[in-house]
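Proteins come first, then strands; the chains are lettered A, B, ... in the order of their sequence lines, and each starts at number 1.
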Number of protein chains: 2
Amino acid sequence: MDEQKALMEAFDRTEVRLAGHGARDVAVLKEALAEVEDTLTADLYGTGAVIEDFQAEMAGVLGKECSVFFPSGTMAQQIALRIWSDRKGSRSVAYHPLCHLEIHEQDGLKELHHLEPLLLADADRLITLEDVQNMQPGVACLLLELPQREIGGQLPEYAELEAISAYCRKQGIMLHLDGARLFEVLPYYGKTAAEVCGLFDSVYVSFYKGIGGIAGAILAGSREFTEESKIWKRRHGGDLISLYPYIVPARHYYRQRIGAMAGYYEQAKELAAMFNSCHKVSTVPEVPVSNMFHIHFALSREQLAPVLIQVYQETGIGLTPRLKETGDTSCYYELNIGDVYSGVSKPALREAFRLLDERLKQL
Amino acid sequence: MDEQKALMEAFDRTEVRLAGHGARDVAVLKEALAEVEDTLTADLYGTGAVIEDFQAEMAGVLGKECSVFFPSGTMAQQIALRIWSDRKGSRSVAYHPLCHLEIHEQDGLKELHHLEPLLLADADRLITLEDVQNMQPGVACLLLELPQREIGGQLPEYAELEAISAYCRKQGIMLHLDGARLFEVLPYYGKTAAEVCGLFDSVYVSFYKGIGGIAGAILAGSREFTEESKIWKRRHGGDLISLYPYIVPARHYYRQRIGAMAGYYEQAKELAAMFNSCHKVSTVPEVPVSNMFHIHFALSREQLAPVLIQVYQETGIGLTPRLKETGDTSCYYELNIGDVYSGVSKPALREAFRLLDERLKQL
């Protein structure tokens, strides 16, 4: 772990970063609050203009009858699957092996809701129509994540998504969208959020990924579905007396950045090409379909870290504070394009990649 | 319901209020944020100075090894009871019939954790040592709420609390404190928070009742207990990427108001005496033991509302926006003393009570 610590320290000393929207600090909240009046009344247990107006706005954006603001996507998605499971009278739900619910939630879905997930597809590839057609009978709900974050943000072709949706409708399988990064894939699909969400019975979107808010999520669907979700929201302890400290930033940064997603996507493609031009480096996807991708190195973390540290020190450009090992001679990290990338000097960036490639070539 | 609507409208037009800390609006958050630097780094999934320092501070205040910040008390308390239930291998937990978990949480404890609550005591009185001694065997955990909010904020005598604690220790029954309003009862007990919490194995306190923050709770206990609570916090969807929008106000208003609790308590006694001097009015408790009490009227809501509306209109003092019916000829409301009471003109208040009593006498 020593090389991880050294890498993080070298990254912390860099002045230029490629990913994200900038520091996650209190200024993010203060900026959003500056645009609202001091006298704006707090929401009260899910009621009041500040929450109701935003829920109505997002229902419109997502093309659903209603939506509910949740403190977290973890809470929203467990609840969505629980509602569909109860509706169908089956504990079986299906999702990708690297679904957030499977690997990041301490098994809340199983421990709290006693649902039984069926893992579809191999961990390193997308769920296909064939996977769905071959599911065991009795699955109440299929969750699809667009893009599939843990494999670099890959996406099915839109026609395949439509075919999966049509198949589920025909079979009476409820289809839920993990749209944590939905807004980020709309430029690639060339679709509106409402068009994509039209393929699904319920939808979750996040406000602190590409949007860059503080925290919080929207769960959208029919009125009957969202009303039931509010009961579960209270049971989970998510019906806070006031959620406006997350809602106000969600609204502020949604408006500020929703129009920037196409630019992030173009910049991701540009930056991925620069990585792919280096020896021992490849991105997944090779050509990004959103603002994100993974950067894989055919080197151990021990071999790579000193190279990156040298690049950081000589160019002042920080690529990543940490690397994840995937084997004895491979490691990777995830990159999300946000506001800061457009401020990076292109000549400096080219020089950083020239240096990176030169050093990688020697290994 | 017409008289309720009229009462609320009349209340909304008053300029002077007796209860609370003032409007629940965005200014509350802005005031707390004004004292922290823009560059203060956000907490990240339970790590970082902003959350860790506050948790350490509150562990110290409550005299426990560790504490964890939760978005809500609903989440914190279900989790506390679940941990003790698992530890003891029993689903049986005991609490008051008007416990928050029983009446305000859509049965989350039962639906998510499958715990089986045993209701102790009658709804209109406190749990006694005798109730606890007569519990069926096998109860994993007893929850006591100090003060018992739904019956006006009543409290057991401290000696009885000590006796209940000693009995539970001897019997191996875990004792959990619902201390949503713990800070508010310390002046009556003449004890520190740590002294009271020393009688309990786990403790929850809230930051938006007497403290007047936005939302959020602390759950405190041994390190083993709080570490387990963090796993459940993630399962519930409460391990938000950042909780600082609640933590910064919790810290700010804790420091601002913790020293004011004794004053609120004295003012509550003063105000309760004024209510009790009126015909057809009695408070529960008759002499408050915290900043709160309930005001009961031996009148129907239909009879009382026009009287209150007249008082509001003639004096500009608003007592309550709503009344809860308890029978055909009885209703009540809850009052919590906060910062605003000290700004109320005493002559104007005496005039309001003179008018109130005069009109009540005629009914």
Side-chain angles (χ1 to χ4, degrees), chain A residues 23-31 33-34 36-44 48 50 70-79 82 104-114 206 208 213-217 230-246 248-249, chain B residues 23-31 33-34 36-44 48 50 70-79 82 104-114 206 208 213-217 230-246 248-249:
Chain A
R24 280 189 60 87
D25 60 22
V26 171
V28 175
L29 179 54
K30 289 190 181 183
E31 176 188 321
L33 289 174
V36 297
E37 295 293 328
D38 286 13
T39 53
L40 178 70
T41 300
D43 52 308
L44 190 72
V50 67
F70 277 81
S72 74
T74 295
M75 194 183 292
Q77 296 207 102
Q78 286 181 27
I79 288 170
R82 174 61 183 266
H104 290 307
E105 302 182 7
Q106 293 278 3
D107 279 339
L109 189 76
K110 299 166 201 168
E111 296 287 340
L112 290 171
H113 294 286
H114 305 286
S206 172
Y208 66 89
I214 315 284
K230 290 179 187 173
I231 295 172
W232 284 107
K233 180 184 173 189
R234 176 154 287 230
R235 287 173 177 156
H236 266 254
D239 189 20
L240 307 193
I241 182 169
S242 293
L243 283 163
Y244 77 84
Y246 298 125
V248 169
Chain B
R24 279 189 61 87
D25 60 21
V26 171
V28 175
L29 179 54
K30 288 190 182 184
E31 177 189 321
L33 288 175
V36 297
E37 296 292 330
D38 286 13
T39 53
L40 179 70
T41 300
D43 52 309
L44 189 72
V50 67
F70 276 81
S72 73
T74 295
M75 194 183 293
Q77 295 207 106
Q78 285 182 26
I79 288 171
R82 174 61 182 265
H104 290 307
E105 302 182 6
Q106 293 278 3
D107 279 339
L109 189 75
K110 299 165 200 169
E111 295 287 341
L112 289 171
H113 294 286
H114 306 285
S206 171
Y208 65 90
I214 315 283
K230 290 179 187 174
I231 296 172
W232 284 106
K233 179 183 173 190
R234 175 153 287 229
R235 288 174 177 155
H236 266 253
D239 189 20
L240 306 193
I241 182 169
S242 294
L243 283 163
Y244 77 83
Y246 298 126
V248 169

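- When all heavy atoms are compared, the tightest approach of A:Leu33 to B:Leu33 is CD1-CD1, 3.3 Å.
- The parts of A:Leu243 that come within reach of chain B are both its backbone and its side chain, each placing non-hydrogen atoms under 4.5 angstrom from that chain.
- Nearest approach of B:Met75 to A:Gly237, heavy atoms of both residues: CE-O, 3.7 Å.
- In this structure, B:Tyr246 and A:Ser242 approach most closely via the heavy-atom pair OH-O, 2.7 Å.
- Contacts of A:Ala23 with chain B are absent, with no heavy-atom separation under 4.5 Å from either backbone or side chain.
- Listed here is the closest heavy atom pair of B:Glu37 and A:Val26: O-CB, 3.7 Å.
- Scanning all heavy atoms of the two residues, the minimum distance from A:Pro71 to B:Leu240 falls at O-CD2, 3.4 Å.
- For A:Thr74 against B:Arg235, the heavy-atom pair with the smallest separation is CG2-O, 4.3 Å.
- Per-residue counts of heavy-atom pairs under 4.5 Å with chain A were compared for B:Leu40, B:Val50, B:Ile231; the largest is that of B:Leu40.
- The greatest number of non-hydrogen atom pairs below 4.5 Å with chain B, out of A:Gln78, A:Arg24, A:Glu105, A:His104, is found for A:Arg24.
- Heavy atoms of A:His236 lying under 4.5 Å from chain B belong to its backbone as well as its side chain.
- Residue A:Leu112 holds its CG atom at 7.0 Å from CZ of B:Arg82, rounded to the nearest 0.5 Å.
- Only the side chain of B:His114 comes within contact range of chain A, with heavy atoms under 4.5 Å apart.
- Considering only heavy-atom pairs separated by less than 4.5 Å from chain B, the leading option among A:Ala34, A:Pro245, A:Gly238 is A:Pro245.
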Would you check, one step at a time, whether the test side chain to side chain contact (heavy atoms under 4.5 Å, CB included) holds for A:Gln106 with B:Lys233? CA-CA 9 Å; A:Gln106 293 278 3; B:Lys233 179 183 173 190; over 6 Å; no
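- Rounded to the nearest 0.5 Å, atoms OG (A:Ser72) and CG (B:Asp239) are 9.0 Å apart.
- The residue among B:Leu29, B:Asp107, B:Thr41 with the most heavy atom pairs within less than 4.5 Å of chain A is B:Leu29.
- When each of A:Ala215, A:Gly73, A:Ala27 is scored by its heavy-atom pairs under 4.5 Å with chain B, the top score falls to A:Ala27.
- With chain A as partner, the option from B:Gly108, B:Gly216, B:Pro249, B:Ala217 having the largest number of non-hydrogen pairs under 4.5 angstrom is B:Gly108.
- For A:Glu111, the parts lying under 4.5 angstrom from a heavy atom of chain B are both the backbone and the side chain.
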